[in-house]
Amino acid sequence: MLLRDSGSKHLIEVADIVTLANPYELTVVGRHLWGEEVQDPEVFDKSSLQFLSGESLPRCWHDSRYRDREVRRIKCGTRINDSDYYQGA
């Protein structure tokens, strides 16, 4: 998959898509694309990568706690008006 380094704007080829989409991995191994020779693999921080269109990577690819705000906590004796009201699943 081709991505762009947000700092240098150089193209980076990432071969391991599974590591890229894993929110528990903060880095990914890739290669710069320049020149005619294949470059040596380097480790890149996921937060500095973006798609070729300029969009940043999805939050679920680099933040393992991206859904914490959506998780409702079960409280005993909550009312319907409460934000933590639990109706059962």
Side-chain angles (χ1 to χ4, degrees):
M1 175 178 239
L2 287 178
L3 298 172
R4 183 183 316 179
D5 185 9
S6 60
S8 65
K9 304 295 185 200
H10 290 143
L11 293 180
I12 297 168
E13 179 183 18
V14 176
D16 190 9
I17 306 297
V18 174
T19 304
L20 182 63
N22 184 352
Y24 297 102
E25 295 286 338
L26 300 177
T27 59
V28 66
V29 177
R31 299 173 190 258
H32 281 286
L33 290 181
W34 62 49
E36 294 181 14
E37 296 180 11
V38 176
Q39 304 298 316
D40 293 331
E42 296 180 38
V43 177
F44 296 95
D45 188 21
K46 283 191 201 178
S47 62
S48 68
L49 298 177
Q50 57 184 234
F51 292 110
L52 298 179
S53 63
E55 293 179 78
S56 61
L57 297 179
R59 187 172 167 204
C60 62
W61 285 12
H62 58 84
D63 184 8
S64 62
R65 301 178 63 109
Y66 74 102
R67 293 192 72 184
D68 281 356
R69 283 187 262 162
E70 297 175 25
V71 177
R72 292 187 177 184
R73 300 179 190 251
I74 302 171
K75 289 184 177 180
C76 295
T78 56
R79 296 183 303 271
I80 295 176
N81 306 10
D82 292 344
S83 62
D84 292 323
Y85 178 70
Y86 178 72
Q87 296 179 346

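Keep in mind that this is a model prediction, so the values were computed, not measured. Numbers for residues simply follow the sequence, beginning at 1.
Applying the side chain to side chain contact (heavy atoms under 4.5 Å, CB included) rule to S6 yields the partners S48, Q50; only residues at least two apart in sequence or on another chain are considered. S47 meets the side-chain hydrogen bond (donor to acceptor under 3.5 Å, both in side chains) test with D45; sequence neighbours excluded. Considering only residues two or more places apart in sequence or on other chains, E55 meets the side-chain hydrogen bond (donor to acceptor under 3.5 Å, both in side chains) condition with S53.
Atom CG of D5 is separated from atom CD1 of I12 by 4.5 Å, given to the nearest 0.5 angstrom.
Between W61 and S56 there is no side-chain heavy-atom pair separated by less than 4.5 Å.
F51 and R4 make their closest contact through O-CB, 4.3 Å (heavy atoms, listed as atom of the first residue, atom of the second, distance).
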Side-chain polar contacts of residues 17-31 - donor-acceptor pairs under 3.5 angstrom, sequence neighbours left out - could you list them?
from	atom 1	to	atom 2	distance (Å)
T19	OG1	D16	OD2	2.3
N22	OD1	Y24	N	3.0
R31	NH1	Q39	O	2.7

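The other residues sharing a hydrophobic cluster with L52 are L2, L11, L33, where clustering joins ILVMFWY side chains under 4.5 Å apart.
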